[in-house]
A.B. asks: 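Below are the C-alpha cells for one structure; questions will follow.
Each chain gets a letter, A, B and so on, in the order the sequences are listed, and its residues count up from 1.
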Amino acid sequence: MTYEITLGAGDAHAVGVTRHGTRATVTIDGLAHQGSLRPLGDAYELTLGDRTERAWVVVDHDTIHVHAFGRGWTLQLVDPVERARRGVDSADVATAPMPGTLITVCVEAGQAVAQGEVLVVIESMKMQSEIVATRDGEVAEVHVALGESFDRGAPLVGLVPIDTEDV
Amino acid sequence: MSLPAKVLVANRGEIAVRIMKTLRQLGIASVAVFHAEDREGRAVRESDEAVELFGDTPVGAYLDIAGIVAACRSTGAEALHPGFGFLSENADFAEAVMAAGVTWIGPPPSAMRAMGDKITSTRLAAEAGVPILPGSDGAVASAEAAVAAAELTGYPVLVKASAGGGGKGMRIASDPDDLREAFGRASGEALASFGDGRVFVERYLRKPRHIEVQVLADAHGHVVHLGERECSIQRRYQKVVEESPSPFVDAAMRAEMGETACALARAVGYVSAGTVEMIADEGGDFFFLEMNTRLQVEHPVTELVTGLDIVAEQIRIAAGEPLALAQEDVRMDGHAIECRIYAEDADAGFIPATGRLALVRFPAGEGVRVDHGVVEGQDVSASFDPMIAKVAVHGATRAEAIARGRDALQNTVLLGTVTNTAFLERVLAQPAFAAGETHTGFLEEHADALAASSADADVERCLLAAAALASPRFDHRLAAPEPLASMGAWGT
Amino acid sequence: MRRLETHVDTASATYRAYREHNLALADELRTTLHAAKHERTQKALDRLAEQDKLTVRRRLELLLDPGTPFLEFSALAANRHYDGEAPQALLVTGIGVVSGREVVVIANDSSLKGGAWYPITTRKIVRALEIALENGLPVVHMLDSGGANLHLQDEIYATAGHIFKQQCQLSAAGIAQLAVVFGYCTAGAAYTPTLCDQTIMVRERGAIFLAGPPLVKAATGEIVSTEDLGGADMHTSVSGVADYAVDSEVDALELARDVIAMWARRGKADVDRRAPEPPYHDPLELYGIIPDDVKKQFEMREVIARIVDGSLFHEFKPDYGDTLVTGWAFLWGMKVGILGNNGVIYSEAANKAATFMQLCDRDGIPLLFLHNVTGFMVGREYERRGITKDGAKMLMVQANVTVPKLSVLCHASQGAGNYAMSGRTWDPRFLYAWPNSRSSIMGPEVAADTLTHVRVSALRRQGTDPTPEEIASIRDDVIAHFEETYHSYYLTSDLRDDGLIDPTDTRNTLGMSLSAVLNTPIVRTPGGVLRI
C-alpha cells in the first residue's frame, strides 16, 4: 500500500511499507530503505538505513505524532485513492439515491453549505434519508418542491459549480 | 502560632500541584477545588480531598468566591492558598476568606488594593523612592509642551496616543526638532485612527529588559529580597523564558533594586511573597512597572538559586512565624532558567493548540525541575490557559543551565497536541541569548533565526518511516510470508 | 545432518575453464532475459505512451509489495518461435507478493502487437493457471491484449478454452481471482474478467464486450461508443460485469492491492522448518563445477552443498547405488528430500530412489530432483538383472507419490532418466532448467549413429554405396536437428520448463517454489514403505 505522508507543512511523500518480520522495507518516493520500529523501554527504536534514533510515537487515526531528534513532529497520512474517490463524489448536484418524496428542505438558494451539511430530507419506502452536501459550496437551486415526488437519480439540490463560484 | 492542619488550594493545574507538594512536605493536608473538566486532572489526584466547583464556564468555577469559601467550611480547611491568576489578587476574595475564619496565605487586602491600582501603586512607589518612568503628566497640548516635557524625561522620548494601541500614533524622537515633527505626525495619526488627537510623552527605553525582584515580608516588619529574575523573553506580552539571576544585573544593581523593592514592600505594609516588576534600560536605569501581590509563575528559578521554598515561606508567614532568614543569609547559587511549555503553535503566530495528550514524558535528572499539572490522556482544551508545564533547570553557570535547559526541552515529550518545546529550545540556542543580550523585543528581533527550519532530508525520511511503520494503515497482516520476506527484491 | 565436504579445487585449470564457460552462459542468459523483458523499440514505447499506458514491468512494480521477490515463469517463452516477434510470448507470469500474499500474476505485454495472443501465450496462461490451481494461489489477471493472433487461430483455439475452464475450477477450489482491465477484453477474452471474483476497470482504456463497436455496427447497424458499450462506468454502474472504475492505471493497481489485502490469508502446510541459513559453500562456485560439455560428469553433492541451508545434508543409503544421491536437507528453512543424479541410473540407484521417495511421501516432505541423467544403464547384464523392472518401480513410485515435486535440469536429462526424475511430462509442481542443460530422447551422438546406420543400410539396400561425405552429411543433419531441439533455449521457448535460471539463482527459485507449494495441504499416499 502506498500512502502520502506529509511532515508539518512540508511536501507530500509517497510512502510504502513491506514488512519482513520485525524488519521492513520502507519505500519513500520510490527509493527503498531498510527500516524497523521496535519497542525500546517506554519508547521505540527507529532504524532507517544506518541511522538509529529513539522515538516516541502516538497514532491518532491518520495523524501521527512523533517525538524524535529532540522535538515533537506531526505527520499527516493521506490515502490518495480515498482522496480521489472523494473528488469524484463531490458532484455539483445532489441526486436522489432512490425514488421518494421531499419532506424537509434545510437550505435555500444562495446559502453557503459545508461538506456533510444536510441539504434536504427525503422519504422513500417508509425510510427517511438525509441528503448531504458532498463538498463545501453555495446552493444554486433546490430542484424539488416540498412534498413533491421524484425518481431515482433526480437532481435534488444543485451547488454553484466550483469553476464559476469565484467569478 | 502553628502551621494549619489543612489548606485549601484555590487553583488548578501545575500551580495547585506545586503548592500541594509543599503542603505534603510540611505535613499539611490538602484540599483541591475543581471544575468537572479537571476531575481527572493531576491536582485532584494529588490532593487529599477535593471539592467540585460549578460555574457558567470552567474558568468561572474557579472565580466562585462563595463556592470556594463554602468548600473551606465543608472541609474544615484552616487556610487557603490562592496560587496565581484567578482570585489570587482579588482583595474582596481575601477578605471573604478571612471573614470565614480561614487564614489567607497572601498579603493583606489593603496591600493588594494599593498595588492593584495603577495610579495608586505608581504614586506609592514614587514615594518609596522607586524610580518611575519619566513622562509628561497627562497629554501634551502642543509640540512645544511636548519639548518642555521632554526636558524633564530626557531623550529619546516616545510620543504616544492617549487613546492608542497597536503602534498607531506612536513616534520615537531623539531631539527637540525630531520631537516637534513626531508630535505632529503622532497626533495626526492618532486623530485619524482613534478620532482623538491627544498624545503624551514618556522616556523611550531601547531594548528594555523585564527584571523583577522577589520579596518576602513577615508580619513582624521583616522584609528580605531573594534577588531578581529576568523575564524579558516574551511573546504577546506573556513571559516564556525566565531566569535568575539576570545576566544583566551585577551585585551593585541587585542590591540597589532589592533595596528599592524592599522599601516599597515596607511602605505598603506588605506581608507574604510579592514581586516588584521593573523595567531596565540599556544603561542600567530601572523603573517601576507594578507589584504583583502573589506567587509568580516563574518563582521556581528563584527557588532553584536560593534553595528556598517560597510557598513554605508563605505558609509560615501566614501562620505568623517570623522570617527565619536575614538579607545576608540569602545566597544566590548558580543559575536557573525556566521555560514555559504552552500548547500552542509557535510557528504559526503562537496560536493556541488543543488535542489529547496521548503521551507525556518529562525530563528528569540533576538540576532539572518540572512543574506540571497534566496526566497522560488528558485533553488540552481551550477552556484554560494553554500552559502545560514549566521546565526549570539549574546549573553552576549560565552556560551550564542553558545546555541543561536545551537537553531538558529536547526530552520533553508531549504528543497529541502542538507545543512550543522546539521553539523554546531554539530560543535557548540563540547566540544572542547565550550572550545575555535579552530584551522584551528579543523574539521579534530574532524572529528569522527562531523560525522553524524544515527538517533535513535525512531526518524527514526517518520521521516518514516512523509514521509509516506506526500507522495501522500499513497493516501488520500484510507482511510478506517467510522466506520470501527475507529474499528481498530478488527476481524483480 | 552433516556439512557436505567439498572436493572442488578452485585453483585447477578445469575449474577455471568451466567457470569461464558457465559465466559466459550466465551472461548470455542475463542479456537474453533483459532483451525479452525490457528491450522494446522507441516506437513501441512511444505507442504505449500515446495510449497513456504503462509498460507491463511498471505495472508489476506498482502491484507488487516493494522489496519482495518475484518468481517469474518462462520469460524466454517464444524466444525461438515466431521469428522472435513475440518476446516473453507477450505475457508475464510469475509468483509475487501483493499485500503480503503470494499471488500468481498473469499480465499481458501490450508493447508489441497490441499484446496479442500467440499459441505459446495461450499455453503460458494455461500453465500459470495450473500453477495457481495446484498450489492454491490467488490470481491477478492484468488484462491488456488485442486478442488472438488470428493467423495462428487454430493452434490458439486448441488450448484457449482451458483458460476459462481453469478459471471456473479455481473458483470452485476457493481460490480468489482479480482482474484489472487495462485494455479491451473482446469476445472470448471478455470471460476472463467476468469469471473473476472482482474486477477493476480503467476508465477510457479498459473495455469488456462480446463484440466491439465495429462488429456491432456490422452486425446490427447500431452505432455505439466503446465507453457506452463496455466501458468502466457502464460495467460498474449499469451491467455489474465489473466492480470498480478508476481513472488511471496507477489508481487501478493501488486499488488492486487494497482488494487483495481483504482476501483471506490461508495458513501454510505444516512442514518441518528451521531458521534459514545460507549455504556454507559459496554458490558462485557452481560456475566452476558444472562442466563445459553435457557429456562430462560432475559430482551432484557439490551442487547440493551450494543450494541447501548451511550445506547441511543427511544422506540416505550413502553407500548404495551411488549414481543417484538421496537425502534430506533444509532449503530456505523448509525441509526437502533431494534426489540428484551422478550419471546413469543402475538398478540399485533406481531401487534406492523408489524407497527414498516413499519415505519422503510418508513424512510429507516435498521432493527435489536435480537432473544429470543420461538414462538407465543398458547392456546384457543389466537387462538380465531387470533394469527395466527397477526403472518401472522408480517411475511407478515417482508418479504416484502425493508430496509436491520440484525439478531442476542441471545438466543432461535424457531418455527415460528424465521421466524417472520427474521431467516435465510427469507434472512436477515446478521445473526449471540451467542454460547449460540439454534434454532429449537420447544423446545426439547415439541418435546420429543410429539414424546414420538406418539411412546407410537403406541406401545400400537400394544399391547405392554412400560416400564418406554423404554419410557425414546424414550424420550432420541429425546432429544439427538435435543441437537445435535439445537446447535449453529451444525447450524453454516451447514451455518445456517454467524458466531458464542462472545456477546461482537456484536456491531462491526453489525457496519461492517450495513456499508456493506449501499453500496446499500435503496429503500422504496410503501404503507402506517397501525395502526394494
A.B. asks: What part of B:Arg361 is in contact with chain A, defined as an atom under 4.5 angstrom from a non-hydrogen atom: side chain, backbone, both or neither?
C.D. replies: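 The side chain, not the backbone.
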A.B. asks: For chain A, which of B:Ala467, B:Ala358, B:Ala466 has the most heavy-atom pairs under 4.5 Å?
C.D. replies: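 Top count of heavy-atom pairs under 4.5 Å with chain A: B:Ala467.
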A.B. asks: Count the heavy-atom pairs under 4.5 Å between each of A:Leu31, A:Val59, A:Asp29 and chain B, then report the option with the highest count.
C.D. replies: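 Of A:Leu31, A:Val59, A:Asp29, A:Val59 has the most heavy-atom pairs under 4.5 Å with chain B.
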A.B. asks: Pairing donors with acceptors under 3.5 angstrom, does anything connect the side chains of A:Gln111 and A:Glu138?
C.D. replies: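 Result is no, nothing qualifies.
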A.B. asks: When rounded to the nearest 0.5 angstrom, what distance separates CG in A:Asp11 from OG in B:Ser454?
C.D. replies: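 It is 9.5 Å, given to the nearest 0.5 Å.
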A.B. asks: Got a second to check how far B:Gln238's CD is from B:Tyr342's OH, nearest 0.5 Å?
C.D. replies: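 Taking CD in B:Gln238 and OH in B:Tyr342, the distance rounds to 4.0 Å.
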A.B. asks: Against chain A, label B:Thr419 side chain, backbone, both or neither, depending on which of its atoms sit under 4.5 Å from a heavy atom there.
C.D. replies: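 No part of B:Thr419 comes within 4.5 Å of chain A.
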A.B. asks: Where on A:Ala55 is there a heavy atom nearer than 4.5 Å to chain B: the side chain, the backbone, both, or neither?
C.D. replies: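 Neither part, no heavy atoms under 4.5 Å.
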A.B. asks: Would the number of heavy atoms belonging to other residues, nucleotides or ligands and lying under 6.0 Å from OH of A:Tyr44 be above 12?
C.D. replies: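 12 or below, so no.
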A.B. asks: For chain A, which of B:Val418, B:Asn411, B:Thr412 has the most heavy-atom pairs under 4.5 Å?
C.D. replies: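 Top count of heavy-atom pairs under 4.5 Å with chain A: B:Thr412.
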A.B. asks: Examine whether an atom of A:Thr63 lies under 4.5 Å from a heavy atom of chain B, and if so say whether it belongs to the side chain, the backbone or both; otherwise answer neither.
C.D. replies: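 Answer is neither: A:Thr63 stays 4.5 Å or more from chain B.
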A.B. asks: So, A:Glu45 and A:Thr52: side-chain donor and acceptor under 3.5 Å apart, yes or no?
C.D. replies: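 There is no such pair (donor and acceptor under 3.5 Å, judged by atom type) between the side chains of A:Glu45 and A:Thr52.
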A.B. asks: With a 4.5 Å cut-off on side-chain heavy atoms, are B:Arg426 and A:Arg71 touching?
C.D. replies: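 In contact.
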A.B. asks: Below 4.5 Å, heavy atoms only, C-beta onward: do B:Arg398 and B:Glu243 meet side chain to side chain?
C.D. replies: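 Of all side-chain heavy-atom pairs linking B:Glu243 with B:Arg398, at least one is under 4.5 Å.
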A.B. asks: Count the heavy-atom pairs under 4.5 Å between each of B:Asp458, B:Thr417, B:Leu484 and chain A, then report the option with the highest count.
C.D. replies: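 So the answer, after comparing B:Asp458, B:Thr417, B:Leu484, is B:Asp458.
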A.B. asks: Given that the side chain runs from C-beta out, which part of B:Leu409 has a heavy atom under 4.5 Å from chain A: side chain, backbone, both or neither?
C.D. replies: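 Contact with chain A: backbone only.
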A.B. asks: Out of curiosity, A:Asp79 CG to B:Arg473 CZ, how far, rounded to the nearest 0.5 Å?
C.D. replies: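 Taking CG in A:Asp79 and CZ in B:Arg473, the distance rounds to 5.0 Å.
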A.B. asks: Just so I understand: if I count every heavy-atom pair under 4.5 Å between each of B:Arg356, B:Gln410, B:Arg406 and chain A, which residue has the most?
C.D. replies: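 Sorted descending by pairs with chain A, the first entry is B:Gln410.
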A.B. asks: Could you check whether B:Arg369 and B:His394, counting side-chain N and O atoms only, form a donor-acceptor pair closer than 3.5 Å?
C.D. replies: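 There is no such pair (donor and acceptor under 3.5 Å, judged by atom type) between the side chains of B:His394 and B:Arg369.
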A.B. asks: Is chain B contacted by the side chain of A:Leu75, its backbone, both, or neither, given a heavy-atom distance below 4.5 Å?
C.D. replies: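 When you check distances to chain B, only side chain atoms of A:Leu75 fall under 4.5 Å.
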A.B. asks: Tell me, side chain or backbone of B:Glu425 under 4.5 Å from chain A's heavy atoms, or both, or neither?
C.D. replies: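 Answer is neither: B:Glu425 stays 4.5 Å or more from chain A.
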A.B. asks: Can you tell which part of A:Leu77 gets under 4.5 Å to a heavy atom of chain B, answering side chain, backbone, both or neither?
C.D. replies: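 For A:Leu77, the side chain is the part near chain B, not the backbone.
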